[in-house]
Amino acid sequence: MAYELYYWDGIQGRGEFVRLALEEAGADYIDITRQPGRGTGAMIDIMESESEPHIPFAPPFLKDGDLIIPHVANILFYVGPKLGLAPEEEGLRHVVNGMQLTVTDFVAEAHDTHHPIDMSLYYEDQKPEAKARSAAFIRERIPKFLGYFERVLRQNPKGPNHLVGDALTYVDLSLFQVIEGLTYAFPKAMVNRKAEYPALLALHDAVAKRPNIARYLASPRRLSFNEEGIFRHYPELDSTA
């Protein structure tokens, strides 16, 4: 039975972290809201159901048969072993999950650069605050998070090709997406920063060349970044800090 992925149509967003794992593994899955005749309404029906015992708060969520799994890190923790994208050792699976949760924190901070005050307000309603938040994010938070993951790669006893162990895990794929998103949102800042993180950049490039990922990136299934998602490019928020 195919996995069913539920996320907002038209944006990569948080759903993309799940898509990358499914695509890398060649898993059978359906991107529900992109299906003709189903769309976002099928997702909302589950979220607003008055009978489903385990309703998700928000997308993304994944259905595996009757089981509904919400939240990116939780989904990846569930499917990682099934897709061959998690360590065999149980303890290391929790290490990978911890790193994925750190990615979750990083992604939330990236989102808040353009919505620092109120999620219900448009970006245009909080531009001054967004500019200040983005400057701090570029100056302090990007090096904080990327520096951490660079150290994790360098200190991996199995070598710097992967974050944990000697084989690809879902958190490697997620770091690829983070670098892609930051490069789209803050191209000036990232040009100056990338040289500081050679191991991360090598990981990014290696993931991009993996056959299944390369085919996915070249396919219409890979949505383009846009100003509706998490990583948004507003030139006035970018800087060469």
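Values in this document were obtained by computation on a predicted structure and should not be read as measured data. Index from 1, following the sequence.
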Does Glu236 have more than 12 heavy atoms from other residues, nucleotides or ligands lying within 6.0 Å of its CD? yes
Any pair counted as salt bridge (charged side-chain N to carboxylate O under 4.0 Å, His left out), so long as it reaches residues 106-125, sequence neighbours left out: Glu109-Arg141, Asp112-Arg133
Closest non-hydrogen contact found for Ala214 with Ala208 is CB-O, 3.5 Å
Would you confirm whether Asp172, through its side chain, and Val207, through its main-chain N or O, come within 3.5 Å as a donor-acceptor pair? no
Steps toward side-chain contact (heavy atoms from CB on, under 4.5 Å) verdict (Leu76, Ser174): CA-CA 10 Å; Leu76 294 174; Ser174 292; 4.0 Å; yes
Which pairs with one or both residues in residues 43-69 pass ring-ring contact (aromatic ring centres under 6.0 Å, His included), sequence neighbours excluded? Tyr6-Phe61
Show your working on side chain to side chain donor-acceptor pair (under 3.5 Å) between Gln177 and Gln12 and close with a plain yes or no. CA-CA 10 Å; Gln177 177 65 7; Gln12 291 183 17; 2.7 Å; yes
Please name the pair of heavy atoms, one in Val164 and one in Pro87, separated by the smallest distance, quoted to 0.1 Å. CG1-CG, 4.2 Å
Sorted by chain and number, sequence neighbours left out, side-chain hydrogen bond (donor to acceptor under 3.5 Å, both in side chains) with Lys194 holds for Thr183
Just so I know, are the side chains of Lys188 and Ser239 near enough to count as touching, which here means a heavy-atom distance under 4.5 Å? no
Got a donor-acceptor contact below 3.5 angstrom from the Gln100 side chain to the Phe77 backbone? no
Any pair with a residue in residues 70-88 that passes side-chain hydrogen bond (donor to acceptor under 3.5 Å, both in side chains), sequence neighbours left out, goes on the list, sorted by first then second residue, please. Asp64-Tyr78
Would you say the side chain of Ile213 lies within less than 4.5 Å of the side chain of Leu173, judging by non-hydrogen atoms? yes
Please list all pairs meeting side-chain hydrogen bond (donor to acceptor under 3.5 Å, both in side chains) that have one or both residues in residues 13-32, counting only residues at least two apart or in different chains. Glu16-Arg19, Glu16-Tyr216, Glu16-Arg222, Arg19-Asp31, Glu23-Tyr29, Glu23-Arg221, Glu24-Arg210
Should Ile55 and Ile32 be regarded as members of a common hydrophobic cluster, given that ILVMFWY residues are connected when their side-chain heavy atoms come within less than 4.5 Å of each other, either directly or indirectly? no
Would you kindly confirm whether Val95 and Leu153 end up in one hydrophobic cluster when ILVMFWY residues are joined by side chain heavy atoms under 4.5 Å apart? yes
Only pairs at least two apart or in different chains count here, so list each salt bridge (charged side-chain N to carboxylate O under 4.0 Å, His left out) that has a residue in residues 144-164. none
Those residues at least two apart in sequence (or on a different chain) that pass side-chain hydrogen bond (donor to acceptor under 3.5 Å, both in side chains) with Asn156 are none
Are Arg193 and Glu196 close enough, and set up right, to give a salt bridge (Lys or Arg N to Asp or Glu O under 4.0 Å), and what steps lead you there? CA-CA 6 Å; Arg193 290 287 185 194; Glu196 301 174 22; 3.5 Å; yes
Which residue pairs satisfy the ring-ring contact (aromatic ring centres under 6.0 Å, His included) criterion with at least one member in residues 176-215, sequence neighbours excluded? Phe137-Phe186, Phe176-His204, Tyr184-Phe225
Qualifying salt bridge (charged side-chain N to carboxylate O under 4.0 Å, His left out) pairs, either residue in residues 40-63, two or more places apart: none
For residues Val103 and Val178, determine if any side-chain heavy atom of one lies less than 4.5 Å from a side-chain heavy atom of the other. yes
Would a 4.5 Å heavy-atom cut-off, applied to side chains only, mark Ile179 and Leu146 as touching? yes
Please tell me if the side chains of Leu175 and Leu200 come closer than 4.5 Å, counting only heavy atoms from C-beta onward. yes
Measuring only between side-chain heavy atoms, which start at C-beta, is Ile68 closer than 4.5 Å to Leu62? no
In terms of heavy-atom contacts, Leu5 and Gly15 come closest through CD2-O, 4.2 Å
Minimum heavy-atom separation for Ala73 and Leu101, please, with both atom names. CB-CD2, 3.6 Å
For a 4.5 angstrom cut-off between non-hydrogen side-chain atoms, does Pro59 reach Met47? yes
Pairs involving residues 32-44, ordered by first then second residue, that meet side-chain hydrogen bond (donor to acceptor under 3.5 Å, both in side chains) (sequence neighbours left out): none
Begin from the C-alpha positions of Asn161 and Leu203 and carry the test side-chain contact (heavy atoms from CB on, under 4.5 Å) through to its verdict. CA-CA 6 Å; Asn161 294 330; Leu203 173 63; over 6 Å; no
Who else is in the cluster with Leu223 when I, L, V, M, F, W and Y are joined by side-chain contacts under 4.5 Å? none
Taking side-chain contact (heavy atoms from CB on, under 4.5 Å) as the test, write out the residues that go with Pro160, two or more places apart. none
What verdict does the side-chain contact (heavy atoms from CB on, under 4.5 Å) test give for Leu163 and Val96, after you've listed the backbone C-alpha separation in whole Å, the side-chain angles of each residue and the deciding distance to 0.1 Å? CA-CA 8 Å; Leu163 287 158; Val96 171; over 6 Å; no
When every non-hydrogen atom of Leu182 is compared with those of Met190, the smallest separation belongs to O-CG, 3.5 Å
With under 30° as parallel and over 60° as perpendicular, where do the rings of His111 and His115 fit, or are they tilted in between? parallel
Look at the side chain of Ser134 and the backbone N and O of Lys131, then say whether any donor-acceptor pair between them is shorter than 3.5 Å. no
Quick check: do Tyr170 and Asn97 have side-chain heavy atoms less than 4.5 Å from each other? yes
